[in-house]
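Below: one structure, written as structure tokens.
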Amino acid sequence: MSSTPPPGDASNDPTTDQTGRFVRQPNGRIRPLSPHLQIWRFHVTMWGSILNRGAAIGLSFGLLFVVGWMVAAACGPDAYAAYTGCMGSPLGLLIWFGVTLAAAYHLTAGIRHLVWDAGEGLAIKPADQLTVISMVAAVVITVGFWAALFLSGKVVL
């Protein structure tokens, strides 16, 4: 597909464009400049994409705590007791809750993408609905998981 205007359309000639709507690529081709946030209307699937990236960052951050847990376990019972005491504090539980929420959202967003990869739900309304469902499902999974931990007595404040 060519980015050049139809023959005879001098008003939209990318070679003489002074508006900044076109950019010359390193290979010499002139391509239209992609619009960004100032052009696009914000919608729920954009929010879902941003959250998915944030969840991945949160999981990377949470991995540090998992590695710390394994290092504490390898360093002996005293180090392990100190680490579990710290991570069992209200602040530590809040961190683990956030890591759980990030994992749950990353999972549900991944399932949403599998549905989209199958060619389903790509229209605007179904895509928005799937995004909202993935967000709500992540919260339900996280709250359910932590409720089960507290109700079983495995986690206490």
Practice prompt. Examine Val44 and Leu122 and state if one hydrophobic cluster contains both, with Ile, Leu, Val, Met, Phe, Trp and Tyr joined whenever side-chain heavy atoms are less than 4.5 Å apart.
Written response: no
Worksheet entry | Nearest-0.5 Å distance that lies between atom CE in Met46 and atom CG in Leu51 | 12.5 Å
Worksheet entry | Those residues that, when tested against Thr45, pass side-chain hydrogen bond (donor to acceptor under 3.5 Å, both in side chains) (two or more places apart) | His43
Discussion item. Can you list everything that forms a ring-ring contact (aromatic ring centres under 6.0 Å, His included) with Phe61? Sequence neighbours excluded, please.
Written reply: Phe65
Worksheet item: Are side-chain N/O atoms of Ser49 and Arg53 paired as donor and acceptor at under 3.5 Å?
Response: yes
Worksheet item: So which of Thr142, Leu149, Val143 actually passes side chain to side chain contact (heavy atoms under 4.5 Å, CB included) with Thr100?
Response: Thr142
Worksheet item: Do any N or O atoms from the side chain of Ser89 and from the backbone of Gly85 form a donor-acceptor pair under 3.5 angstrom?
Response: no
Worksheet item: Can you check whether Trp96 reaches Val155 side chain to side chain, under 4.5 Å on heavy atoms?
Response: no
Practice prompt. Check for a donor-acceptor pair, side chain of Tyr105 on one end and backbone N or O of Gly48 on the other, with a separation under 3.5 Å.
Written response: yes
Discussion item. A quick test of your reading: do over 12 heavy atoms of other residues, nucleotides or ligands sit less than 6.0 Å from CG of Leu64?
Written reply: yes
Worksheet item: Taking a hydrophobic cluster as the set of Ile, Leu, Val, Met, Phe, Trp and Tyr residues connected by side-chain heavy atoms closer than 4.5 Å, whether directly or through intermediates, do Phe42 and Met135 fall within one such cluster?
Response: yes
Fill in: Any donor-acceptor N/O pair, Ser134 side chain to Ala109 backbone, under 3.5 Å
no
Worksheet item: Taking atom CE of Met87 and atom CG of Leu94, what is their separation to the nearest 0.5 Å?
Response: 10.5 Å
Discussion item. Looking at every heavy atom in both Ala104 and Ala138, which two are closest together, and how far apart are they?
Written reply: CB-O, 3.6 Å
Worksheet entry | Considering all heavy atoms, the nearest Ala72-Tyr83 contact | CB-CB, 3.6 Å
Worksheet item: Do Leu157 and Phe145 belong to the same hydrophobic cluster, where Ile, Leu, Val, Met, Phe, Trp and Tyr are linked whenever their side-chain heavy atoms lie under 4.5 Å apart, directly or via other members?
Response: yes
Practice prompt. Show which residues join Ile111 in its hydrophobic cluster (side-chain heavy-atom contacts under 4.5 Å, direct or indirect), or state none.
Written response: Leu107
Fill in: Connected via hydrophobic side-chain network under 4.5 Å: Trp47 and Val115
no
Worksheet item: Which one of Val139, Ile133, Val140 satisfies the side chain to side chain contact (heavy atoms under 4.5 Å, CB included) criterion with Val136?
Response: Val140
Item to complete: Determine whether Leu59 and Leu63 make a side-chain contact, defined as any pair of heavy atoms from C-beta on separated by less than 4.5 Å.
Response: no
Fill in: 4.5 Å side-chain heavy-atom contact, Leu93 and Trp146
yes
Item to complete: Following the transitive rule for hydrophobic clusters with a side-chain heavy-atom cut-off under 4.5 Å over Ile, Leu, Val, Met, Phe, Trp and Tyr, establish whether Phe97 and Val66 coincide in one cluster.
Response: yes
